[in-house]
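As structure tokens, the structure follows; a few thoughts come after it.
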Amino acid sequence: MLPVKKLVKNVGIPGVEPPKKTCDSPYCPWHGTLKVRGVILTGEVVKAKAPSMVVVSHSYLYYSKKYKRYEKRTKKIHAYLPPCIDVKEGDIVVIGETRPISKTIRFVVIGHKKRVE
């Protein structure tokens, strides 16, 4: 018998390719039932010590009305890491907003843009 290949869903985000590996996680946006909706962010992985969670640092510009200029701000976001995506600390990843998975996790890693050499 041939191995059954699991179907990969279309997440609907341009520029993000589906992972080559498959997984059985229900919280995977590619192979599970989790839907991605809302905000799509790009950031750098700061911590990847937990088995299924990463901490992503998202930097953005905030306009200050008082001083009439922009200032850099950084926010750390907890995101669920599906087993089919391989990510290390320092990688640039794309995360998408989803329903609450746990107390602090409201985002899921959709893909990675580039690796740190």
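Note that the structure is a prediction, hence the values are computed from the model and not measured.
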A side-chain contact here means heavy atoms from C-beta on lying under 4.5 Å apart; do Ser57 and Val46 qualify? yes
If you measure from CH2 on Trp30 to CD on Glu17, what distance do you get to the nearest 0.5 Å? 9.0 Å
Kindly indicate whether the side chain of Arg99, heavy atoms from C-beta on, has any atom under 4.5 Å from the side chain of Arg37. yes
Are any side-chain N or O atoms of Glu97 and backbone N or O atoms of Gly38, one a donor and one an acceptor, separated by less than 3.5 Å? no
Pro19 and His31, any side-chain heavy atoms less than 4.5 Å apart: yes
For Glu71, what residues pass the side chain to side chain donor-acceptor pair (under 3.5 Å) criterion, not counting sequence neighbours? Arg73
Would you confirm whether His58, through its side chain, and Thr42, through its main-chain N or O, come within 3.5 Å as a donor-acceptor pair? yes
So do Pro29 and Thr98 actually touch side chain to side chain, heavy atoms under 4.5 Å? no
Donor-acceptor side-chain pairing of Thr104 and His78 below 3.5 angstrom: yes
Report, as yes or no, whether the 6.0 Å neighbourhood of atom CZ on Arg69 holds more than 12 heavy atoms from other residues, nucleotides or ligands. no
pair Lys21-Asp86: side-chain heavy atoms closer than 4.5 Å: yes
Given the rule that I, L, V, M, F, W and Y join up when any side-chain heavy atoms are under 4.5 Å apart, are Leu41 and Tyr60 in one cluster? no
Could you tell me the separation between the CD1 atom of Ile40 and the CD1 atom of Ile110, rounded to the nearest 0.5 Å? 4.5 Å
Nearest heavy-atom approach of Gly111 to Ile85 is N-CD1, 4.2 Å
How many angstroms lie between OH in Tyr27 and CD1 in Ile105, if you round to the nearest 0.5 Å? 9.5 Å
State yes or no: do Val39 and Ile77 share one hydrophobic cluster built from I, L, V, M, F, W and Y residues joined by side-chain heavy-atom distances below 4.5 Å, directly or via other members? yes
If you group Ile, Leu, Val, Met, Phe, Trp and Tyr by side-chain heavy-atom gaps below 4.5 Å, do Tyr80 and Ile13 land in one group? yes
Report the distance from atom CG of Leu34 to atom OG of Ser25, rounding to the nearest 0.5 Å. 8.5 Å
Assess whether a salt bridge exists between Lys113 and Asp91, defined as any Lys/Arg side-chain N lying under 4.0 Å from an Asp/Glu carboxylate O. no
Just to verify, which of Val55, Val109, Ile92, Val93 counts as forming a side chain to side chain contact (heavy atoms under 4.5 Å, CB included) with Val45? Val93
The reported gap from CZ in Phe107 to CD1 in Ile101 (rounded to nearest 0.5 angstrom) is 11.0 Å
When Ile, Leu, Val, Met, Phe, Trp and Tyr are grouped by side-chain heavy atoms lying under 4.5 Å apart, directly or through other members, which residues fall in the same group as Leu61? Tyr63, Tyr70
Could you check whether any side-chain N or O of Ser52 sits under 3.5 Å from a backbone N or O of Leu81, counting only pairs where one atom can act as donor and the other as acceptor? no
Kindly compute the distance separating OG (Ser59) from CD (Glu44), expressed to the nearest 0.5 Å. 8.0 Å
